[in-house]
Engineer: 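Here it is: the structure, laid out below.
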2 protein chains.
Amino acid sequence: MEGDAGMPVGPSDRTPSVRNNADLFSPVSVGRISEVIVEQMRLLIREGKLVPGDRLPSERSLCERFGVSRVTVREALRVLEAGGLVEIRVGARGGAFVTQPSSERIGEGLAQLMTLTAMTASDVTEARMVFELGILPLVVERATEDDIADLRVLVEQGLSALESGSYTMAMSAAFHVRVASSTHNPAIEMLVHSFHGPMLMSLQQAQVAAPLMGPRGAHEHFELVEAIEQRDVERARAIMTRHLQRTADRLAEDRDPSLADLGSGQ
Amino acid sequence: MEGDAGMPVGPSDRTPSVRNNADLFSPVSVGRISEVIVEQMRLLIREGKLVPGDRLPSERSLCERFGVSRVTVREALRVLEAGGLVEIRVGARGGAFVTQPSSERIGEGLAQLMTLTAMTASDVTEARMVFELGILPLVVERATEDDIADLRVLVEQGLSALESGSYTMAMSAAFHVRVASSTHNPAIEMLVHSFHGPMLMSLQQAQVAAPLMGPRGAHEHFELVEAIEQRDVERARAIMTRHLQRTADRLAEDRDPSLADLGSGQ
DNA sequence: ATGAGCTAATGGTCTGATGGTTTGCTACTA
DNA sequence: TAGTAGCAAACCATCAGACCATTAGCTCAT
């Protein structure tokens with residue numbers, strides 16, 4: 001990455017004889033064949049020619065169609081799979097199936113890379129606060145009866161799980177995501193979802209999950225639903241602020257650990 | 001190497017006599033070998049045993065170390081590359097190099113999947129409004145002189161590009177991202193980055209980019225920087241609201257196209 | 001009916017070989 | 001001496017053909 005930072009990047013530094021037409025020539029590299037295949041597949045999926053659930057031809061068929069070897073096709077499939085665009089099943093009737101892109105899946109990839117970036121749990125929490133507070137007006141305005149009913153169920157489940165000591169961060173996350181989905185905006189829902197993924201993963205591994213979300217948190221969930229039902233933006237905002245702030249404080253007092261540290265169990 | 005991978009590892013698939021303890025046995029699948037390698041590499045990177053810039057051993061060396069064939073190693077490298085963890089260079093002194101994960105890269109993945117979800121441009125714009133407005137207090141509070149200087153430069157560039165008719169959406173995006181990065185929170189920066197990815201891509205293809213961002217937009221950028229410099233949250237918020245609202249209106253009158261439709265040029 | 005066994009389809013992996021690209025060195029030329 | 005052309009080595013990219021493991025569906029005897 002750094003070693004070649006000083007390398008000749010421009011095409012115009014050797015051979016001082018002919019030089020003025022240097023930028024006439026465009027790079028001729030066609031790149032990797034597998035990359036071309038990947039791009040072609042991606043296009044098909046984006047254009048809707050391939051929809052979730054569809055099965056791609058078998059590796060061997062693809063070889064013939066593209067006129068390449070199996071290795072190349074397989075590399076393309078690996079890339080698509082890593083990108084969460086297809087799922088590969090083995091055995092008869094197996095093959096590559098186009099997947100339904102879920103926000104969960106996106107969050108997964110996000111979480112992976114987050115553990116590698118200089119991104120602390122506090123950073124993520126701060127972003128959450130901005131976002132989850134910001135959407136409250138939309139939630140209060142648009143939440144339907146169904147939305148509220150669902151939220152009630154989640155709260156109930158949370159409370160009873162709390163009694164039996166089986167309350168998990170996942171349940172809290174589900175609640176927050178359901179709140180976000182009450183905006184009826186898929187982009188917002190996806191983002192909240194993706195944010196909870198990495199938080200969950202790291203917090204659970206660090207075993208601060210249990211004390212993090214106690215009876216207070218569950219009760220605040222209950223209050224929030226009430227505020228939404230009464231279309232009381234200010235109250236909802238106050239509750240959510242308190243709720244998230246407590247998470248933030250908890251994180252701060254816990255040595256402000258970076259996600260990476262948490263991830264490695266240190 | 002593989003010959004014994006298929007040996008009877010699980011004692012639990014024949015002998016139909018015992019049956020009620022079915023869930024005692026965990027699935028015996030070892031999965032893909034390449035996946036194991038990927039996981040191992042990821043761990044090394046996360047633990048800091050491999051830092052950005054490091055060069056991994058050559059494919060052939062890795063084959064020997066892992067005791068697998070080159071095909072398998074290559075598939076692992078493809079996955080790592082697709083995940084943005086390594087970069088592969090050909091030729092002498094080539095090989096796989098650990099990359100510095102940037103928020104840009106992360107946002108890319110998010111953007112990719114955004115374009116595949118049933119998500120309209122309005123949805124994304126609404127999410128943007130929530131987020132970019134929400135971070136303004138943080139920006140105003142934390143922007144350093146360097147931040148503001150950078151923003152000024154971007155505004156200047158925008159204005160002169162406007163005169164020469166070469167103003168692009170990319171320039172606008174760069175400005176918004178730079179504003180976000182003035183929060184000094186990498187998570188926030190990443191999110192704004194990923195928002196602009198899909199917007200850019202689709203809007204440019206649909207050729208509504210040019211009229212979208214006229215002199216008004218560029219001037220609003222200028223005003224916003226002023227408000228930030230004066231630490232005037234309310235004014236900044238007002239400007240940004242107007243700025244984004246205009247984008248939203250423009251999108252709304254433009255048949256409210258979905259990102260997917262735009263992507264395919266329809 | 002039920003279950004055991006067969007079969008074909010399909011992905012997972014290995015082996016060995018060839019070609020292309022880049023770097024660095026060397027020898028030759030002006 | 002300087003510059004250049006050419007060679008060699010270290011890489012990745014790709015191919016071709018083979019074998020094994022897993023799975024779904026079918027058949028057939030019990």
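Both backbone and side-chain heavy atoms feed into the values below; hydrogens, waters and symmetry mates do not. Computed from a predicted structure; not experimentally measured. Numbers restart at 1 for each chain; the letters A, B, ... are given by sequence-line order, proteins then strands.
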Engineer: Measure CZ/B/Arg93 against P/D/dA10 and give the value in whole Å, please.
Structural biologist: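 Interatomic distance, CZ of B/Arg93 to P of D/dA10: 12 Å.
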Engineer: Atom CG of A/Leu56 and atom P of C/dT10: how far apart are they, to the nearest Å?
Structural biologist: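 The answer, rounded to whole Å, is 13 Å.
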Engineer: Take A/Arg178 and A/Ser181 through the side-chain hydrogen bond (donor to acceptor under 3.5 Å, both in side chains) test and state the conclusion after the steps.
Structural biologist: CA-CA 5 Å; A/Arg178 191 62 187 80; A/Ser181 80; 2.7 Å; yes
Engineer: Does some side-chain heavy atom of A/Phe97 sit less than 4.5 Å from a side-chain heavy atom of A/Asp54?
Structural biologist: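 SC-SC contact between A/Asp54 and A/Phe97 ruled out.
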Engineer: What are the two closest heavy atoms between A/Phe131 and A/Leu191, and how far apart are they?
Structural biologist: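 Smallest interatomic distance, heavy atoms only, reads CZ-CD1, 3.8 Å.
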Engineer: Go through the steps for B/Ser58 and B/Ser61 under the test side-chain hydrogen bond (donor to acceptor under 3.5 Å, both in side chains), then give the verdict.
Structural biologist: CA-CA 5 Å; B/Ser58 75; B/Ser61 308; 3.0 Å; yes
Engineer: Looking at A/Arg78 and A/Glu81, does any basic side-chain N land under 4.0 Å from a carboxylate oxygen?
Structural biologist: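 Salt bridge between A/Arg78 and A/Glu81, a charged N being under 4.0 Å from a carboxylate O: yes.
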Engineer: Starting at the 5' end of DNA chain D, which residue's closest nucleotide do you reach first, B/Gly94 or A/Val71?
Structural biologist: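 By nearest-heavy-atom nucleotide position, the 5'-most residue is B/Gly94.
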Engineer: Could you walk me through whether A/Leu77 and A/Leu56 pass side chain to side chain contact (heavy atoms under 4.5 Å, CB included), step by step?
Structural biologist: CA-CA 10 Å; A/Leu77 289 176; A/Leu56 269 52; 4.2 Å; yes
Engineer: Figure out the CD1/C1' separation between B/Ile33 and D/dC19, and round it to whole Å.
Structural biologist: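 Distance, rounded to whole Å: 14 Å.
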Engineer: For A/Leu151 and A/Ser182, which heavy atoms make the closest approach, and how far apart are they?
Structural biologist: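 Of all heavy-atom pairs spanning A/Leu151 and A/Ser182, the closest is CD1-OG, 4.3 Å.
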Engineer: Taking CD from B/Glu35 and C1' from C/dG11, how many angstroms apart are they, rounded to a whole number?
Structural biologist: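 Rounding to the nearest Å, CD of B/Glu35 and C1' of C/dG11 are 14 Å apart.
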Engineer: Please list, by residue number, the residues of residues 61-70 of chain A whose heavy atoms come closer than 4.0 Å to an atom of DNA chain C; answer none if no residue qualifies.
Structural biologist: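 Heavy-atom contacts with DNA chain C come from A/Arg70.
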Engineer: Check the phosphate of D/dA10 against B/Ser58, side-chain N and O only, distance under 4.0 Å to OP1 or OP2. Yes or no?
Structural biologist: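 For D/dA10, neither OP1 nor OP2 has a side-chain N or O of B/Ser58 closer than 4.0 Å.
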Engineer: Without decimals, in angstroms, what is the distance between B/Arg89 CZ and D/dC12 P?
Structural biologist: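 Taking CZ of B/Arg89 and P of D/dC12, I get 12 Å after rounding.
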Engineer: So, does the side chain of A/Arg60 form a donor-acceptor pair with the base of C/dG11 at under 3.5 Å?
Structural biologist: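 Indeed there is one.
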Engineer: Strictly below 4.0 Å, heavy-atom distances to any atom of DNA chain C: list the hits from residues 74-88 of chain A, or just say none.
Structural biologist: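 A/Arg74, A/Arg78, A/Ile88 - these, ordered by number, are the residues of the stretch whose heavy atoms sit under 4.0 Å from the strand.
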Engineer: Taking only side-chain nitrogens and oxygens of A/Thr72, does any of them come within less than 4.0 Å of OP1 or OP2 of D/dC15?
Structural biologist: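 For D/dC15, OP1/OP2 do have a side-chain N/O of A/Thr72 under 4.0 Å.
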Engineer: Would the distance check show the side chain of B/Thr99 and the main-chain N or O of B/Leu85 forming a donor-acceptor pair, the cut-off being under 3.5 Å?
Structural biologist: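 Answer holds: yes.
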Engineer: Can you find a side chain N or O atom of A/Arg55 that sits less than 4.0 Å from OP1 or OP2 on C/dT10?
Structural biologist: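 Checking A/Arg55 against C/dT10: at least one side-chain N or O falls below 4.0 Å of OP1 or OP2.
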Engineer: Looking at every non-hydrogen atom in both residues, tell me the closest pair between B/Ala76 and B/Ser34 and how far apart they are.
Structural biologist: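 What the structure gives for the nearest pair is CB-O, 3.7 Å.
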